[in-house]
Amino acid sequence: MQPNQVLTYCNVMELLVAQEVHRQLQQLPPKLVNYINPAHAIAYALNRLPALYATSPRGWYLQQQRAKAKLAPQIIVAVGQALAAVQQDSLNVVNSLPCAENAENLEESASDADVEDAKSPVSLSWVRSLFGLGGIHKADGRRSR
C-alpha cells in the first residue's frame with residue numbers, strides 16, 4: 001500500500017439491512033415506530049450478520065446478488081429481532097455513539113485517566129466520558145448531534 005493511498009470499500013449488508021429495517025418499520029404501528037431508532041436497529045442486525053465487502057461496482061453487484069440469494073431469510077430474521085430488541089422505554093432515553101469518523105477526536109479528548117480506566121474489566125468512567133464529550137465535530141466542521 002502506498003503512503004497516501006485512499007482505501008475504498010463498502011459493506012453491502014449495510015444497505016440491504018437498512019432497506020429491510022425501513023420495510024419492516026412501515027409494517028409497524030406508527031405509535032410503536034416512534035420508540036425505535038432505526039440506526040440502533042441497523043447496528044443490532046449488522047452485528048448478527050456476516051459482512052460482505054466490495055471494492056468495485058462489479059464486486060458490489062456480485063455481493064448484493066449473493067446476499068439476496070443466500071442471506072435474505074437471515075436478514076429478515078435479524079432485522080425483526082433488532083426491532084424487538086431496540087424498542088425504547090419512553091422514560092429511558094439512550095444517547096447515540098458519535099460517528100466512527102470521530103474516533104480520532106474521541107481518543108484525543110479522553111484523559112489519560114480515562115484511558116487507564118478503559119483497560120480495567122469494568123470501566124464506567126470511560127463510558128461516562130465517551131457520552132459526555134461535548135466538543136466533537138465532524139470532518140466538515142459541523143457539530144455532531
Side-chain angles (χ1 to χ4, degrees), residues 6-145:
V6 176
L7 301 176
T8 305
Y9 48 91
C10 297
N11 182 358
V12 170
M13 294 297 281
E14 290 182 16
L15 176 62
L16 297 176
V17 168
Q19 289 172 339
E20 182 61 23
V21 166
H22 179 72
R23 188 187 72 74
Q24 288 190 30
L25 283 174
Q26 289 180 329
Q27 296 174 351
L28 295 175
K31 195 170 188 174
L32 179 59
V33 171
N34 290 334
Y35 294 103
I36 297 174
N37 181 332
H40 293 177
I42 291 167
Y44 186 100
L46 284 170
N47 284 328
R48 283 145 184 85
L49 293 165
L52 295 177
Y53 284 95
T55 60
S56 68
R58 177 158 170 72
W60 177 267
Y61 174 79
L62 292 173
Q63 291 290 53
Q64 270 196 324
Q65 296 309 308
R66 177 180 173 204
K68 289 176 182 177
K70 295 183 179 178
L71 299 173
Q74 284 179 263
I75 294 169
I76 293 167
V77 169
V79 168
Q81 292 171 341
L83 293 174
V86 302
Q87 290 179 26
Q88 295 177 5
D89 178 355
S90 61
L91 299 176
N92 184 19
V93 179
V94 177
N95 292 330
S96 294
L97 181 65
C99 189
E101 66 193 27
N102 294 315
E104 290 176 15
N105 292 344
L106 287 173
E107 289 176 12
E108 292 170 6
S109 300
S111 70
D112 291 337
D114 287 333
V115 172
E116 285 303 314
D117 286 346
K119 294 177 185 175
S120 70
V122 178
S123 177
L124 296 178
S125 66
W126 174 253
V127 174
R128 278 190 222 108
S129 68
L130 182 63
F131 288 110
L133 293 174
I136 297 174
H137 294 272
K138 293 185 178 185
D140 63 358
R142 291 182 298 150
R143 189 178 190 121
S144 294
R145 295 175 195 238

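Quantities reported herein were computed from a predicted structural model and do not represent experimental measurements.
- Two residues are said to be in side-chain contact when any heavy atoms from C-beta on lie closer than 4.5 Å; L52 and Q64 fail this criterion.
- Counting only heavy atoms from C-beta outward, the side chains of I75 and V17 approach each other to under 4.5 Å.
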Using side chain to side chain contact (heavy atoms under 4.5 Å, CB included), reason through L83 and I36 one step at a time and then give a plain yes or no.
CA-CA 7 Å; L83 293 174; I36 297 174; 3.8 Å; yes
Q26 vs V33, side chain to side chain contact (heavy atoms under 4.5 Å, CB included): CA-CA, chis, key distance, verdict:
CA-CA 8 Å; Q26 289 180 329; V33 171; over 6 Å; no
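- To the nearest 0.5 Å, atom CG of residue L15 and atom CD1 of residue I42 are 9.5 Å apart.
- Closest approach of K68 to A72, counting heavy atoms only: O-CB, 3.4 Å.
- A82 and A45 make their closest contact through CB-N, 3.9 Å (heavy atoms, listed as atom of the first residue, atom of the second, distance).
- Taking both residues in full, the closest heavy atoms of Q63 and A54 are given as CG-CB, 4.4 Å, listed atom of the first, atom of the second, then distance.
- Residues I76 and E20 have side chains in contact (heavy-atom distance under 4.5 Å, counting atoms from C-beta outward).
- Using a 4.5 Å heavy-atom threshold, the side chains of V86 and N37 count as separate.
- The shortest side-chain heavy-atom distance between R23 and V79 does not fall under the 4.5 Å cut-off.
- With a 4.5 Å cut-off on side-chain heavy atoms, Y44 and V21 do not count as touching.
- The side-chain heavy atoms of V12 and Y53, taken from C-beta on, include no pair separated by under 4.5 Å.
- Annotation: side chain of Q19 is in contact with side chain of L16 (closest heavy-atom distance under 4.5 Å).
- Remark: side-chain polar atoms of N11 are not paired, donor with acceptor, to backbone N or O of A51 under 3.5 angstrom.
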